[in-house]
Every structure is written in C-alpha cells, then in structure tokens.
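For reference, the structure discussed in these notes is given below.
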2 protein chains.
Amino acid sequence: MQQLFQYFKQFSPLTAEAMDAIADICKLLHVAKHTDLQPIGHTCKTIYFLNKGIARIYYYKDGIDITESFAFENDILVRVESLFTGRPSRKAIQVLEDAELVAIDANQLFQLYDRYPEIERLFRKIFEAAHVETVNRIEALQFHTAEERYKALLNEEPNIIQRVPLKYIASYLGITQVSLSRIRSQR
Amino acid sequence: MQQLFQYFKQFSPLTAEAMDAIADICKLLHVAKHTDLQPIGHTCKTIYFLNKGIARIYYYKDGIDITESFAFENDILVRVESLFTGRPSRKAIQVLEDAELVAIDANQLFQLYDRYPEIERLFRKIFEAAHVETVNRIEALQFHTAEERYKALLNEEPNIIQRVPLKYIASYLGITQVSLSRIRSQR
DNA sequence: CTGATTATTTATCATATGTTAAAGGAATAG
DNA sequence: CTATTCCTTTAACATATGATAAATAATCAG
C-alpha cells in the first residue's frame with residue numbers, strides 16, 4: 001500500500017487518519033495476464049491502481065477490438081465515462097501482464113469525500129491530471145499523422161513495444177495492425 | 001447570474017452563502033465577435049460561462065489555425081490543460097458571435113474551495129462531466145471517419161452550420177476545409 | 001453600392017491508410 | 001517436442017483525405 005500513498009503524495013497531502021480511512025476500503029489484488037478485470041456492460045465501481053504490470057481499456061467497434069488506453073506501473077486505471085456517470089460501460093479492463101493492483105471501492109470512497117474534504121481534494125487532483133492527459137491526447141489524434149503518433153508513443157513509453165502486442169498498439173493509435181507494421185518497416 | 005446558478009443546480013446544491021461567495025468573484029462580460037478573450041501564451045486563470053453566443057478554443061500547428069473545441073450557450077469555457085497545470089497555454093479563446101459571459105476568477109475560486117467544500121464539490125463535478133465528454137471525443141477521433149464525425153456533430157449541434165464558419169468546423173473534425181466541402185457535397 | 005477581402009466549392013493529382021489475403025514467426029498447450 | 005493457434009509482416013489493390021490552384025460566393029469596409 002506504500003506505493004499507492006507515495007503516488008498520492010504527488011498530488012496533495014493526507015492526514016494519517018485519512019490514510020487509514022482509505023486503506024480500509026482498499027484491497028490488494030493479484031491478477032493473471034489476459035484476465036478481464038472488469039467486463040463490458042458493468043458499471044465501473046472500482047478505482048484501480050497498478051503496482052506492477054500492464055493493463056488496457058478496450059471495447060468493440062463493429063466487432064473489432066479497439067484499445068482505448070494503456071495503464072502501467074503507478075497509473076490509476078478507471079473507466080471514467082462510467083464512474084462519473086453511473087452508467088454501464090461499453091469498455092472492459094484487461095490485464096496484459098501478471099499484475100499486482102490495489103482496488104479502491106468507489107462508493108465507499110465517495111462516502112469518505114463527505115467526511116474528509118482532503119480525500120475529495122486528492123481525487124479531484126488525480127482526475128484533473130488524467131483530464132489534462134486526455135485533452136493532450138485529442139491534439140495528437142486530431143492533427144498528427146499515424147507515424148508521428150507512433151514515434152511519440154515510443155518516446156513516452158519506450159518499452160511498450162516489448163511488453164504489449166502490436167495489434168493493441170495499432171488500435172490505440174487509431175490505425176490498423178497492417179498500417180502499423182508498414183510504418184515500423186519504413187527505415 | 002441566474003443562468004449560471006441554474007447551470008450549477010444540475011451538478012450539486014449550494015447554500016445561499018456559497019452562492020454569494022461565488023457571485024462575489026464573478027464578472028459579467030460583453031464581448032464582440034472575433035475578439036480573442038484570452039491570447040495564446042497566457043496562463044488560464046479564468047473560468048468562463050457562456051450566457052449567450054459562441055466561442056472556440058484554437059491554436060496554431062505549423063502555422064495553421066486549428067479549432068480544438070466550441071462552446072455554446074450554457075457551456076463552461078476553459079483551457080483545462082493550463083488551468084490544471086498552471087502552465088501557459090498554447091491555445092487561445094476566441095468569441096465567434098457577440099457574446100455575454102460570466103468570468104470566474106480561478107485563483108479566488110480555489111481559495112473558496114478551502115472555505116466551502118460544497119463549492120469544491122460543485123466544480124469537481126462540472127469538470128468530471130467535461131472529462132467524460134473529452135473521453136468520448138477521443139473515441140470519435142480514433143475510430144470514426146470524417147464523414148461520420150461530421151454527421152455526429154450535425155446531430156449534436158444542428159445549427160452550428162449556420163453559426164460557425166466551415167473552416168473552423170473542418171479543423172475541429174480533424175480534416176481540411178477542402179475535405180469537409182467534399183463531404184458536404186456528396187448527396 | 002462598390003470594390004476588396006474572406007470563405008467556400010470544385011478540380012486535379014499525390015499520398016497515407018484501409019482491406020483482403022497469404023506467408024512467415026512466435027507463443028502456447030498438450 | 002510438436003502441433004496448433006495466435007501474432008506480425010508483406011503484397012496488391014481500393015479509397016479517403018491532403019495539397020495546390022482556380023473559380024464562385026459571401027461578407028465587410030469605405
């Protein structure tokens with residue numbers, strides 16, 4: 001659990017009491033690769049934090065598997081559009097490498113918001129940072145070529161290539177597997 | 001100011017005291033069309049709410065004007081990636097039609113967060129909703145064709161065509177003006 | 001109202017990415 | 001270790017979108 005609280009520290013401070021309250025609603029999970037942590041159609045009621053391993057959020061569009069995002073060590077992992085609306089998600093969370101993660105019960109967390117404004121603030125800031133990343137991602141998709149997006153990804157996550165099947169990376173970049181292969185083979 | 005508080009009501013309730021505190025840090029603005037409300041390079045320190053009119057957030061990529069997003073009546077208007085990071089924004093806000101808007105001073109608002117958890121909660125929810133929209137937009141850009149995106153936009157904002165120059169719509173959709181014209185002329 | 005900008009459409013050609021199919025490599029189960 | 005399945009690359013062709021230029025159409029300033 002230290003890893004999680006270390007992560008929290010980047011965003012805002014917590015009293016010992018608030019930390020205990022959070023720890024009480026957390027569970028440590030070990031999940032084997034290829035497991036769907038949360039299936040399509042369920043409403044997101046858990047906020048995950050990845051201690052170790054890789055996961056992705058994916059969905060099906062016209063029967064084709066599309067990766068919306070990846071999560072790595074020390075990332076928060078959540079289906080925002082379901083958690084914040086209370087609606088079922090068309091997306092699933094899949095673990096790509098044997099993973100260790102912390103599961104935070106969202107309903108219990110939201111109750112803590114009432115008792116601990118500092119906890120509400122912490123998660124506000126965590127999700128604000130995620131929001132900023134999402135906005136930046138739009139810029140990439142809107143006006144960079146597939147090749148530029150691929151190179152930018154390599155820059156941010158140099159070892160994603162060794163750890164994630166290329167087909168997942170392709171749909172994350174908004175292109176087909178074949179196109180990605182073509183881009184990779186050019187020089 | 002009633003329009004703004006009406007908007008707030010959708011998200012969470014406020015005490016009269018909190019409403020007064022917010023009203024104290026708000027200014028009503030009238031801005032002529034074509035005006036840059038906030039220039040490129042400034043750090044976003046104001047949250048705007050549009051009572052009337054249309055605005056857009058735009059930036060330059062390789063010298064070309066690109067529209068990141070539009071805001072209409074009853075929309076919040078903010079450069080998230082600057083407001084939440086405190087860094088200067090490469091984006092500007094431009095008013096497209098004579099507009100009436102409410103300007104909320106962000107630094108003063110953040111101070112109110114300390115005194116009124118209910119205000120922090122309200123804005124948390126407002127930005128969570130914006131976050132969800134951003135996530136959904138990625139899905140559109142990632143795996144819909146330009147034509148699909150155009151039709152989806154028409155569906156959501158049927159009168160955007162009458163009110164916004166097509167060139168701005170084109171870059172918002174991630175395509176050139178010429179491509180949009182071509183799509184429109186097909187049937 | 002008129003001329004000058006600015007916005008939109010149309011046409012032509014170039015190019016990136018999609019689609020489909022097949023072959024070669026890598027991972028996995030038994 | 002082998003056979004099967006899954007992943008990745010390559011090839012050939014189709015198509016959507018980009019780039020450039022020119023022609024209309026609309027808007028705006030004087």
Side-chain angles (χ1 to χ4, degrees), chain A residues 31-36 53-54 56 58 60-67 70 94-99 138-154 159-187, chain B residues 32-36 53-54 56 58 60-67 70 94-98 138-154 159-187:
Chain A
V31 179
K33 71 172 159 186
H34 299 153
T35 308
D36 266 20
I54 299 187
R56 68 178 183 122
Y58 73 97
Y60 289 97
K61 144 113 180 155
D62 302 335
I64 296 168
D65 175 317
I66 292 172
T67 298
F70 295 106
Q94 183 187 42
V95 167
L96 298 180
E97 282 179 359
D98 291 351
I138 285 188
E139 198 177 320
L141 284 169
Q142 200 174 9
F143 262 92
H144 289 0
T145 64
E147 187 174 349
E148 287 169 335
R149 280 176 265 150
Y150 175 65
K151 285 180 177 164
L153 178 64
L154 282 190
N159 48 14
I160 193 173
I161 299 300
Q162 287 85 49
R163 298 175 71 185
V164 175
L166 288 171
K167 61 176 181 175
Y168 297 153
I169 296 174
S171 67
Y172 172 76
L173 294 173
I175 57 178
T176 63
Q177 200 172 337
V178 177
S179 289
L180 178 56
S181 206
R182 188 157 35 196
I183 287 167
R184 280 162 55 81
S185 69
Q186 289 161 23
R187 100 201 71 166
Chain B
K33 70 173 161 185
H34 299 153
T35 309
D36 266 21
I54 299 187
R56 68 180 183 121
Y58 73 96
Y60 290 98
K61 144 111 180 158
D62 302 335
I64 296 168
D65 175 318
I66 292 172
T67 297
F70 295 106
Q94 183 187 42
V95 168
L96 298 180
E97 282 179 0
D98 291 351
I138 285 189
E139 198 178 320
L141 284 169
Q142 201 174 9
F143 261 91
H144 289 4
T145 64
E147 187 174 349
E148 288 169 333
R149 279 175 265 149
Y150 175 64
K151 286 181 177 165
L153 178 64
L154 282 191
N159 48 14
I160 193 173
I161 300 300
Q162 286 85 49
R163 298 175 70 184
V164 175
L166 287 171
K167 60 177 182 174
Y168 296 153
I169 295 174
S171 67
Y172 172 76
L173 294 173
I175 56 178
T176 63
Q177 200 174 337
V178 176
S179 288
L180 178 57
S181 206
R182 188 156 36 196
I183 286 168
R184 280 161 55 82
S185 69
Q186 288 164 23
R187 104 200 68 168

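Lettering of chains follows the sequences in order, A, B, ..., and the numbering in each one begins at 1.
In this structure, A/Ile183 places its CD1 atom 12 Å from C1' of C/dG18, rounding to the nearest Å. Separating the OH atom of B/Tyr150 from the P atom of C/dT8 is a distance of 11 Å, rounded to the nearest angstrom. In this structure, the CD atom of B/Gln162 is 15 Å from the C1' atom of C/dT8, given to the nearest Å. As rounded to whole Å, 17 Å separates atom C1' of C/dG18 from atom CD of A/Glu147. Between A/Leu141 atom CG and C/dT17 atom C1' there is a gap of 15 Å when expressed in whole angstrom units. Computed from coordinates, the B/Ile175 CD1 to C/dT8 P distance equals 13 Å when rounded to whole Å. Summarising the geometry, the separation between CD1 on B/Ile169 and P on C/dT9 is reported as 10 Å, rounded to the nearest angstrom. Distance CD (B/Gln142) to P (C/dG18): 12 Å, rounded to an integer number of Å.
For A/Leu180 against A/Leu166, the heavy-atom pair with the smallest separation is CD2-O, 3.6 Å. Between A/Tyr172 and B/Gln142, the shortest heavy-atom distance links the atoms O-NE2, 2.9 Å. Counting all heavy atoms, side chain and backbone alike, B/Gln94 lies closest to B/Tyr168 at OE1-OH, 4.0 Å.
Between the side chain of B/Asp65 and the backbone N or O of B/Tyr60, no donor-acceptor pair lies under 3.5 Å. Side chain of B/Arg56 to main chain of B/Leu96: no donor-acceptor pair is present (N/O by atom type, distance under 3.5 Å, no hydrogens or angles). Counting only distance, with no hydrogens or angles, the side chain of B/Thr67 and the backbone of B/Ser171 share no donor-acceptor pair below 3.5 Å.
Nearer to the 5' terminus of DNA chain C, by closest-nucleotide assignment, is the contact made by A/His144 (compared with the other of A/Val178 and A/His144). Between A/Pro165 and B/Ile64, it is A/Pro165 whose nearest contact on DNA chain D lies nearer the 5' terminus. Across the interface with DNA chain D, nearest-nucleotide mapping of A/Gln177 and B/Ala146 shows A/Gln177 to be the residue nearer the 5′ end.
Within the model, atoms CD of B/Gln186 and CD of B/Glu147 stand 5.0 Å from one another, a figure rounded to the nearest 0.5 Å.
Relative to the side chain of B/Lys167, the nucleotides C/dA11, C/dA7, C/dT19 differ in distance, and C/dA7 lies closest.
Residue B/Arg182 has no polar side-chain atom (N or O) positioned under 4.0 Å from OP1 or OP2 of C/dT9. Phosphate contact (OP1/OP2 of C/dA27, side-chain N/O of A/Lys33, threshold under 4.0 Å): absent.
Taking the 5' to 3' direction, DNA chain D first and last meets chain A under 4.0 angstrom from a heavy atom at D/dC7 to D/dA12.
As judged by a 4.0 angstrom heavy-atom cut-off over every strand, B/Ser181 is placed among the base-contacting residues.
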